[in-house]
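Chain identifiers are assigned alphabetically (A, B, ...) following the order of the sequence lines, protein sequences preceding nucleic acid strands; residue numbering begins at 1 within each chain. Every heavy atom of this structure was used, including side-chain atoms; hydrogens, water molecules and symmetry mates were not.
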Protein chains: 4
Amino acid sequence: MTGEPRPELQRDAERTRADLLAVATEVFAESGYSGARVDEIAERTRTTKRMIYYYFGGKEGLYMAVLESAYRGIREAEQRLQVDHVDPVVAIRNLAELTFDHHLDHQAFIRLVAIENIHRGEYIGRIDSLRTLGQPATSLLDEILARGHEQGVFRADVDALDVHLLISSYCVFQVANRYTFGFLFDVDFTETTRRAHLRRMIGDVVVGWLTTH
Amino acid sequence: MTGEPRPELQRDAERTRADLLAVATEVFAESGYSGARVDEIAERTRTTKRMIYYYFGGKEGLYMAVLESAYRGIREAEQRLQVDHVDPVVAIRNLAELTFDHHLDHQAFIRLVAIENIHRGEYIGRIDSLRTLGQPATSLLDEILARGHEQGVFRADVDALDVHLLISSYCVFQVANRYTFGFLFDVDFTETTRRAHLRRMIGDVVVGWLTTH
Amino acid sequence: MTGEPRPELQRDAERTRADLLAVATEVFAESGYSGARVDEIAERTRTTKRMIYYYFGGKEGLYMAVLESAYRGIREAEQRLQVDHVDPVVAIRNLAELTFDHHLDHQAFIRLVAIENIHRGEYIGRIDSLRTLGQPATSLLDEILARGHEQGVFRADVDALDVHLLISSYCVFQVANRYTFGFLFDVDFTETTRRAHLRRMIGDVVVGWLTTH
Amino acid sequence: MTGEPRPELQRDAERTRADLLAVATEVFAESGYSGARVDEIAERTRTTKRMIYYYFGGKEGLYMAVLESAYRGIREAEQRLQVDHVDPVVAIRNLAELTFDHHLDHQAFIRLVAIENIHRGEYIGRIDSLRTLGQPATSLLDEILARGHEQGVFRADVDALDVHLLISSYCVFQVANRYTFGFLFDVDFTETTRRAHLRRMIGDVVVGWLTTH
DNA sequence: CATGAATGAGGCTTCATTCAT
DNA sequence: GATGAATGAAGCCTCATTCAT
């Protein structure tokens, strides 16, 4: 009737919700959708299992809320990346290498994405609010590419989405496929020198590719 | 596992095992480890659930058998790839593009790999027979790179594993992350023209990168 | 129940109570006691779930209030039935046929009665105010029968309660058992011609029976 | 493979199934569909809750199996009723009074029917095998009525279904509405003299009605 | 080797109710 | 008198696994 949420109460509700979401993000990222246990999520929380149904309607709703908040969080973080070098070649290398760091910093997110793809995107496909979340990710790239084309230093047959795909593939793979790749090729992706090598490498790859005519 | 089966039944025993393995591969690839149902696997088989325990000891053993046979099968297929062009630049492009095709032809396998990585490689890590399966994958690359280095057309700071990682990242991503990426960027990875573009692109990327000094 | 509400709120209090009662009547009649959901009742109301506990003490109290108000309402409606023909044969036929109509007009009530009988009358048995509610229902019958007996047109071994029971059985059955009977005998009780036939029939039955010596 | 069920095993399976069905019939008849507890059913059984899902798929399947077996059992019992008097008037009276007894002997069944009608017949409507179960119930009546019509002792505007409906209404009501009716009119339907009166009465009603022209 | 029957532990969800404000 | 948040108990169901034959 008042229209105004009472702050003290809302706070608690918000906290409960946030708490559940945070724990659920961890658990889903760790165990996948089917592997995650509603009981485990609840136990790690200040509240009870019942609240999952109160706030999210069920396991599925909770998982979708996790997906949405994870994507939203990651895009926000992405938009804080600063790549304002004037030289497009330097800029693109910076972007590639910062993206590399960014992925390493958000491994849980990448696991969630892998999990969602195992489900063939059936849940994300129902989150309408994410339907337009791609755009910002390529806008910075658009700019850099435009400058590079103007200056004639970049090849012409490449657009922002191509570059984004290449960089994403590489950076995601480091995290998502680390275990099997590491096992088969006896490689440790957490070693500092190897990591530095791999970081420089994605810069080399992108620059080498784009500057070849 | 429990001694020698009687000869006249051996045929059927082998068939039963193979049947289970084939169905289990499909089901695990489709639903993940936790999501897969022992009942479903048994139902889609000529035999009964009991046989899963008889031949594989349980769900876990079956999953590991699936992993092993999948990796073994994929490496065999890889070794049939023919890239015998003398020009290392042409050869490496061919290899990249054939690998691209190869991944698209083995999507179930890529899903299994994604699933196993969600489990942090805990199952593959216990399959000793796969521990050395990586080598053949890079030997062809080794050759091509060696020739390229001899001829001075390839940069020197790159080894076979680097190239393999780059190509794998790209090709795996097409399959493994198709759903979320497709959703966020409104891209259909099954479109023929797009697929041709993406196929050429990985060749461009690898060649552009390797030939930059 | 808890003293006198403040006058200016009394109006609303009464409205809230009535609102709850009306919705609860619908929901209990639709789903039974166990099947009814307190949440659903509250949702379909202008007020909140809390009010159910405030006004009725809980689900059980609400259900009993529903029962009481339903019985009270039905008896009031019954008493408005006008059967003032002097000829007892005509009068009894009229009464039977009007009762038939009356039941068709109050199907929710009949469902509530069926539900309460499933519970072996344990709730109605605790509503003392209903304990004497039967009498008025037979008083009109008493009169008609008395006149018929005086005139020697009705058989002597029948009292008002017998006739009431026969008519009630027939009229209740039309509503209460409509679904199973309709299914098994492929009969549609809502068809107009059939309904007219059935209406006349209860008149025939009662008159035929009473006038047989 | 053999085609022949192995008797010893089948027996147990059949016993388990039958055990569940018998207990479930009691519990559903006692508490209704929503009110019945799967746990309670299982507890009263030689087996475990799990078997309900194994044999019946779930609570709903079990309830439907109960409905089906109850209807089937009741029709079998009905067909054992012997009413072979040549005089149609005597025969119809016998049938009415035996039906009266029959209903009193199968109160759980009548409760189940009441419950199913609360659910608007949604479950019985899905049991195709019951769709033709009505016929036998009216065939005996058909015969008797035919004889009565031939002899000119029965009125002509009545068919078997009408008579069946009248008798059913009366007999069902005794059981189904006993509690509320008994409470409101202070009547005890289990009293022996009242029961005898009520039994004779349905005979009187039917005969009186049918023999009135 | 094979089968149908059986199982216990644990999964997700829903219920009526109460609390703090 | 009213609200949204919270709850514990209990509900139905599903899982991988094993047993008797």
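- Across the protein-nucleic acid pair, D/E14 atom CD and E/dA6 atom P stand 10 Å apart, rounded to whole Å.
- Contact annotation: B/T47 side-chain N/O to E/dC1 OP1/OP2 distance is not under 4.0 Å.
- To the nearest angstrom, C1' of F/dG1 lies 16 Å from CG of C/D19.
- Across all their heavy atoms, A/L62 and A/I52 have their closest contact at CD2-CG2, 4.0 Å.
- Across all strands, A/A36 comes closer than 4.0 Å only to sugar-phosphate atoms, never to a base (heavy-atom distances).
- In this structure, D/E60 places its CD atom 16 Å from C1' of F/dG11, rounding to the nearest Å.
- For A/K59, taking side-chain heavy atoms from C-beta onward, the closest of the listed nucleotides E/dT13, F/dT3, F/dT7 is E/dT13.
- Note on ring orientation: taking the six-membered ring where Trp is involved, the planes of A/Y123 and A/Y63 are perpendicular (angle over 60°, cut-offs 30° and 60°).
- Residue contacts shown for A/T48 are limited to sugar-phosphate atoms, with no base heavy atom under 4.0 Å away.
- Residues A/G57 and B/R46 both approach DNA chain E. Their nearest nucleotides, taken by heavy-atom distance, put B/R46 toward the 5′ side.
- Following rounding to the nearest Å, C/Y63 (OH) and E/dA16 (C1') show an atom-to-atom distance of 17 Å.
- The listed nucleotides are E/dT13, E/dA5, E/dT17; the one nearest the side chain of A/K49 is E/dT13.
- In summary, D/R126 and D/E68 do not engage in a salt bridge, as defined by a charged side-chain N under 4.0 Å from a carboxylate O.
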For a side-chain hydrogen bond (donor to acceptor under 3.5 Å, both in side chains) check, start with the C-alpha distance between A/N117 and B/T180, then their side-chain angles and the critical distance, and finish with the verdict.
CA-CA 6 Å; A/N117 276 289; B/T180 53; 2.9 Å; yes
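- Residues C/Y179 and D/R120 bring a donor and an acceptor atom of their side chains to less than 3.5 Å of each other.
- Stem regions annotated for DNA chain E: E:2-21 with F:2-21, counting only runs of 3 or more consecutive pairs of Watson-Crick or G-U type with both contacts under 3.5 Å.
- Taking atom OH of residue A/Y33 and atom C1' of nucleotide E/dG11, one finds them 12 Å apart after rounding to whole Å.
- Side chain of C/Y53, nearest nucleotide from E/dT17, F/dT14, F/dT17: E/dT17.
- Both A/E40 and D/Y54 lie near DNA chain E, and the one whose nearest nucleotide falls closer to the 5' end is D/Y54.
- Between the CD1 atom of B/I52 and the C1' atom of F/dC15 there is a distance of 13 Å, given to the nearest Å.
- One atom, CZ of B/R17, and another, C1' of E/dC1, lie 15 Å apart when rounded to the nearest Å.
- Residues D/I118 and C/R111 share a closest heavy-atom pair of O-NH2, 2.6 Å.
- Comparing atom distances between the D/Y55 side chain and each of F/dG1, E/dA6, F/dA6 picks out E/dA6 as nearest.
- Closest to the D/M51 side chain, of the nucleotides F/dT17, E/dC1, E/dA6, is E/dA6.
- Atom C1' of nucleotide F/dC13 and atom CZ of D/F56 are separated by 16 Å, given to the nearest angstrom.
- No donor-acceptor pair closer than 3.5 Å links the side chain of C/R50 to the backbone N or O of C/T47.
- D/T48 and D/A42 get closest at one heavy-atom pair: C-CB, 4.0 Å.
- Side-chain proximity of A/R37 to E/dC12, F/dA6, E/dA5: nearest is E/dC12.
- Among the nucleotides F/dA6, F/dG8, E/dT17, the one closest to any side-chain atom of C/V38 is E/dT17.
- Distance from the side chain of C/R50 is smallest for F/dT3 among the nucleotides E/dG11, E/dA5, F/dT3.
- Picking from F/dC12, E/dA16, F/dG1 the nucleotide with the shortest atom distance to the side chain of C/D39 gives E/dA16.
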